[in-house]
Amino acid sequence: MSNKLFTLAPIAVALILAGCNSSSNSSDGKDDLVQPIVQSRVHDILEVDGYQFRDANGDGELAPYEDWRLTSEERAADLVSRMTLEEKVGMMLIDTLNAEAYGYIGTKHQDFVNRQKMNRFIFRNNILTQEEIDALTDEERQDGGAAGGPGGPNYVISPREAAQYMNTVQELTERTRLGIPALFKSNARNHIDPNAKAGINVDSGAFTGWPKEGGLAATGDMELIAEFGEVMRAEWNAIGLRGMYGYMADLATEPRWYRVHETFSSDADLTSDIIQILVDNLQGEEVGSDSIVLTMKHFPGGGPQFLGSDPHYFAGQHQSYPAGKFDYHLKPFITAIDAGVAAIMPYYGIVGGGDWSINIPDNETNLDVGNGQLLGELLHPRDHDTLRVANNDYSTEVGQPAGNVGVAFSKGILDDLLRKKLGFSGVINSDTGIINDPNNPHTDYEMMHNNRAWGLQDKNKTEQFVIAIEAGTDVFSGFNRNDEIRTVVEQGLVSEERIDESVKRLLKVQFDLGLFENAYVDADKANEIVGNAEFQEKAQLAQRKAVVLLDNQDQTLPLRSNTSLFTMGMDGDIAKEYGFDVTVGDDDDGNKVADATGKDHALIRVRVDNIPAVISGDIPNNRALVFGGADFDELSVLDFTSMANDIKGEGSSWVVTPSLEDIQAVMDEVGPENTVLSIYFRQPYVLDNESRLREAGATLATFGSDDRAVMDVVSGKFNPQGKLPFALANSAEAIIRQDSDDPSYKDGDTLYPLGHGLSYK
């Protein structure tokens with residue numbers, strides 16, 4: 001035995017301890033062994049046959065599951081044989097487990113690990129640089145925000161504190177009976193995102209700030225995207241974050257869908273190429289000790305949402321395939337599976353069932369969206385004739401009509417299509433909150449519905465768990481009650497053998513990651529790795545390459561230095577660094593406060609948001625939606641004129657900053673030909689004629705680029721080269737006419753095609 005806290009020297013990673021270059025005919029694959037780093041904070045290190053092992057269960061003997069010389073499958077089989085039903089069920093739970101203030105743990109952590117037997121956790125804390133953390137008061141550090149928000153309080157911490165926190169939780173799990181290590185996962189957090197939404201994604205903070213997913217696609221630089229994967233992998237490893245809920249392989253074919261900003265492109269081939277690169281550079285075809293395991297989402301492609309309404313909401317339960325392109329949306333997932341992706345997440349929506357429109361219902365589909373209100377009452381009349389078209393190629397026996405059930409409950413999609421046809425053998429991870437207590441009879445505006453078992457709302461929780469498990473779901477996101485799943489086995493509704501199948505898949509991931517040998521990280525190195533200058537330099541290049549020059553009338557760009565420049569929506573001091581005589585034309589709230597008359601040019605950065613929900617408990621105290629997006633009767637409103645108008649007399653759910661009125665005023669003062677617009681395209685917005693935005697001398701499309709990146713392009717320091725990752729429509733009507741599953745608009749409806757982008761030379 002050796003002492004606790006023993007750690008092998010790093011050189012041991014590369015030390016070949018036995019059988020190098022062996023030519024033995026009896027080779028069984030175990031003659032070349034590399035001693036991994038082994039670390040424990042709880043038990044002594046075992047020394048057997050000249051090798052070292054972590055004594056996970058602390059019994060002083062080497063159990064097969066502790067023996068890294070065996071395959072992950074062999075180790076998982078042994079460990080499952082030693083586990084109680086309660087411990088097995090704990091493996092199938094994953095929920096948010098944020099650090100408390102300063103990176104501490106509390107009673108919730110003790111409950112999840114020791115009583116619920118959990119070892120998978122979602123990490124959502126915002127991470128700031130050490131300098132930003134040091135500038136905060138204790139009161140600010142102890143303010144975790146709204147306790148009722150998705151995931152609970154969110155205390156800001158530094159990279160070092162994040163690493164210390166995860167190390168502390170790993171020590172907590174190491175003290176359990178079998179010493180099964182923790183696996184922390186997160187949504188995307190390496191992108192500049194002015195619209196980051198709790199429960200969806202996290203702003204970059206201290207992490208390197210790359211363009212959004214669409215911006216990465218706009219660069220067209222696959223080598224740079226590979227470097228992005230390498231940078232992200234290094235930063236996440238530095239704090240002990242070893243799994244990702246992502247990336248989204250969904251296609252941006254439905255411009256009204258709020259989550260287009262998390263997709264790469266409407267083009268299946270381009271998205272597939274990027275998915276291949278990210279699996280290769282974040283995870284690897286074979287998971288190893290420096291991998292970030294990926295959970296590709298949302299199978300079988302969440303892009304074709306009916307009318308663009310998201311299935312987090314009652315009103316967004318259905319996907320639609322009017323162009324018959326179900327298989328087109330599978331392409332990126334097939335690439336991910338072939339590349340060896342570790343896990344896949346199905347979405348909430350209903351793919352199968354019947355065809356219907358609001359005006360021609362099928363009499364089988366429940367369109368009640370809460371409190372007795374019908375979907376048609378929420379939608380604008382212009383959308384009432386839109387046909388919802390089902391795909392029943394991979395139907396399931398559950399639901400009326402057959403297939404009228406959410407993907408996570410569809411054996412046809414998960415078992416028949418994903419497992420059998422596509423050959424996926426990894427983990428199927430549900431999206432968050434597919435099962436919960438019956439939803440209260442409120443609309444989406446009145447509460448955050450936590451039971452998204454669409455098509456199965458008449459079933460109780462036990463019945464829903466049984467259907468989901470039998471369909472193929474291995475782990476349930478957003479769950480932390482061990483007894484809820486354990487009961488279905490104890491009642492004989494699901495066999496323990498079926499549970500064993502899921503647990504073996506889940507354990508294999510932790511064995512492959514090397515967590516059973518060493519789950520700890522060097523917290524003292526986290527601050528210097530996360531967001532370091534070398535990484536930021538690569539991200540800055542990507543931000544510039546992601547800028548798309550949509551239009552440049554009479555070669556308005558690049559602007560000449562030593563001229564006067566009126567700015568809105570950006571940091572004027574940064575513009576001054578480029579030699580311009582700058583007048584800042586707006587206040588901190590984006591309101592116009594100066595006149596642009598007589599200035600040589602105006603540069604306006606434009607951003608579009610939706611009114612935010614103010615959460616109090618589970619109930620938003622305004623009419624906004626918790627997870628974001630437009631009001632349901634404004635889903636088809638993507639043109640700037642309509643977004644800026646108060647059509648309903650109660651305020652638009654769209655917020656354009658600066659206001660369209662102020663943008664037009666500046667264009668009148670300085671001249672439209674002297675106006676440069678830089679528009680953040682969170683979604684494929686419409687530059688309609690009435691808005692006059694097409695009159696601008698030059699227009700840039702951005703997807704997560706900071707002010708300096710934009711100024712480099714505007715000044716000519718960087719030649720624009722970005723290409724649109726999706727097409728832009730030429731009218732509001734084109735948005736209504738397009739098919740949700742088709743990457744193209746109808747003939748004559750396109751303003752800028754996919755791949756459009758100009759350069760200066």
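Note that the structure is predicted; figures quoted are calculated from it, not measured. In this chain, residues are counted from 1 in sequence order.
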Participant: Applying side-chain contact (heavy atoms from CB on, under 4.5 Å), name anything that partners Glu496, two or more places apart in sequence or on another chain.
Facilitator: Leu85, Lys88, Val489, Asp500
Participant: Is any NZ, NE, NH1 or NH2 atom of the basic residue among Arg259 and Asp250 found under 4.0 Å from an Asp or Glu carboxylate oxygen of the other?
Facilitator: no
Participant: Could you list the residues that satisfy ring pair (Phe, Tyr, Trp, His ring centres under 6.0 Å) with Phe409, not counting sequence neighbours?
Facilitator: none
Participant: Name all residues meeting the side-chain contact (heavy atoms from CB on, under 4.5 Å) criterion together with Asn119; count only those two or more places apart in sequence or in a different chain, and write none if there are none.
Facilitator: Met91, Ile180, Gln510
Participant: Scan side-chain atoms only and decide if Asn363 and Trp356 contain a donor-acceptor pair under the 3.5 Å cut-off.
Facilitator: no
Participant: I need the Thr432 OG1 to Ile94 CD1 distance, nearest 0.5 Å.
Facilitator: 8.0 Å
Participant: Quick check against the 3.5 Å criterion: does Asp78 have a side-chain atom that pairs as donor or acceptor with the backbone of Tyr65?
Facilitator: yes
Participant: In terms of side-chain geometry, is the basic nitrogen of Arg452 or Asp444 positioned less than 4.0 Å from the acidic oxygen of its partner?
Facilitator: no
Participant: What pairs with Asp512 under side-chain hydrogen bond (donor to acceptor under 3.5 Å, both in side chains), at least two apart in sequence or on another chain?
Facilitator: Ser72, Lys508
Participant: Quick one: pull up CD in Gln319 and CZ in Phe326 and give me the separation to the nearest 0.5 Å.
Facilitator: 8.5 Å
Participant: How far does CZ of Phe184 sit from CG of Leu241, to the nearest 0.5 angstrom?
Facilitator: 8.5 Å
Participant: Does Gly324 offer a backbone N or O that forms a donor-acceptor pair with the side chain of Asp741 under 3.5 Å?
Facilitator: yes
Participant: Only pairs at least two apart or in different chains count here, so list each ring-ring contact (aromatic ring centres under 6.0 Å, His included) that has a residue in residues 476-509.
Facilitator: Phe465-Phe476, Phe465-Phe479, Phe476-Phe479
Participant: List in chain and number order the residues that pass side-chain contact (heavy atoms from CB on, under 4.5 Å) with Thr176, two or more places apart in sequence or in another chain; answer none if no residue qualifies.
Facilitator: Val113, Asn114
Participant: Name all residues meeting the ring pair (Phe, Tyr, Trp, His ring centres under 6.0 Å) criterion together with Phe516; count only those two or more places apart in sequence or in a different chain, and write none if there are none.
Facilitator: Phe511
Participant: Run through Val80, Leu178, Val503 and flag the one making a side chain to side chain contact (heavy atoms under 4.5 Å, CB included) with Glu87.
Facilitator: Leu178
Participant: With sequence neighbours left out, which residue pairs that include part of residues 395-416 fulfil the side chain to side chain donor-acceptor pair (under 3.5 Å) condition?
Facilitator: Asp415-Lys420
Participant: If we count only N and O atoms by modelled type, under 3.5 Å, do the side chains of Asp362 and Thr365 hold a donor and an acceptor together?
Facilitator: yes
Participant: Just by distance, with hydrogens left out, do Tyr165 and Asn98 show a side-chain donor and acceptor under 3.5 Å apart?
Facilitator: no
Participant: Evaluate the ring-ring contact (aromatic ring centres under 6.0 Å, His included) criterion for residues His442 and Tyr445: first the C-alpha distance (whole Å), next the side-chain angles of each, then the deciding distance (0.1 Å), finally the verdict.
Facilitator: CA-CA 8 Å; His442 296 292; Tyr445 298 110; over 10 Å; no
Participant: Report the residues that fulfil side-chain hydrogen bond (donor to acceptor under 3.5 Å, both in side chains) with Asp383, sequence neighbours left out, ordered by chain and then residue number.
Facilitator: Ser636
Participant: Is it true that the side chains of Asp95 and Asn480 contain a donor and an acceptor less than 3.5 Å apart?
Facilitator: yes
Participant: Under the side chain to side chain contact (heavy atoms under 4.5 Å, CB included) test against Ile358, which residue among Leu374, Leu367, Leu378 passes?
Facilitator: Leu367
Participant: Phe632 and Phe314: aromatic ring centres closer than 6.0 Å?
Facilitator: no
Participant: Decide whether Ser502 and Arg498 meet the rule of one side-chain donor and one side-chain acceptor closer than 3.5 Å.
Facilitator: yes
Participant: With sequence neighbours left out, write down each residue that passes ring pair (Phe, Tyr, Trp, His ring centres under 6.0 Å) with Tyr348, or none if nothing qualifies.
Facilitator: His312
Participant: How long is the span from the CG atom in Asn436 to the CZ atom in Arg481, to the nearest 0.5 Å?
Facilitator: 10.0 Å
Participant: Which residues pass the ring pair (Phe, Tyr, Trp, His ring centres under 6.0 Å) test with Tyr347, sequence neighbours left out?
Facilitator: His298
Participant: Suppose we call two aromatic rings close when their centres sit under 6.0 Å apart. Are His191 and Tyr247 close by that rule?
Facilitator: yes
Participant: Mind checking what makes side-chain contact (heavy atoms from CB on, under 4.5 Å) contact with Asp393, not counting sequence neighbours?
Facilitator: Asn391
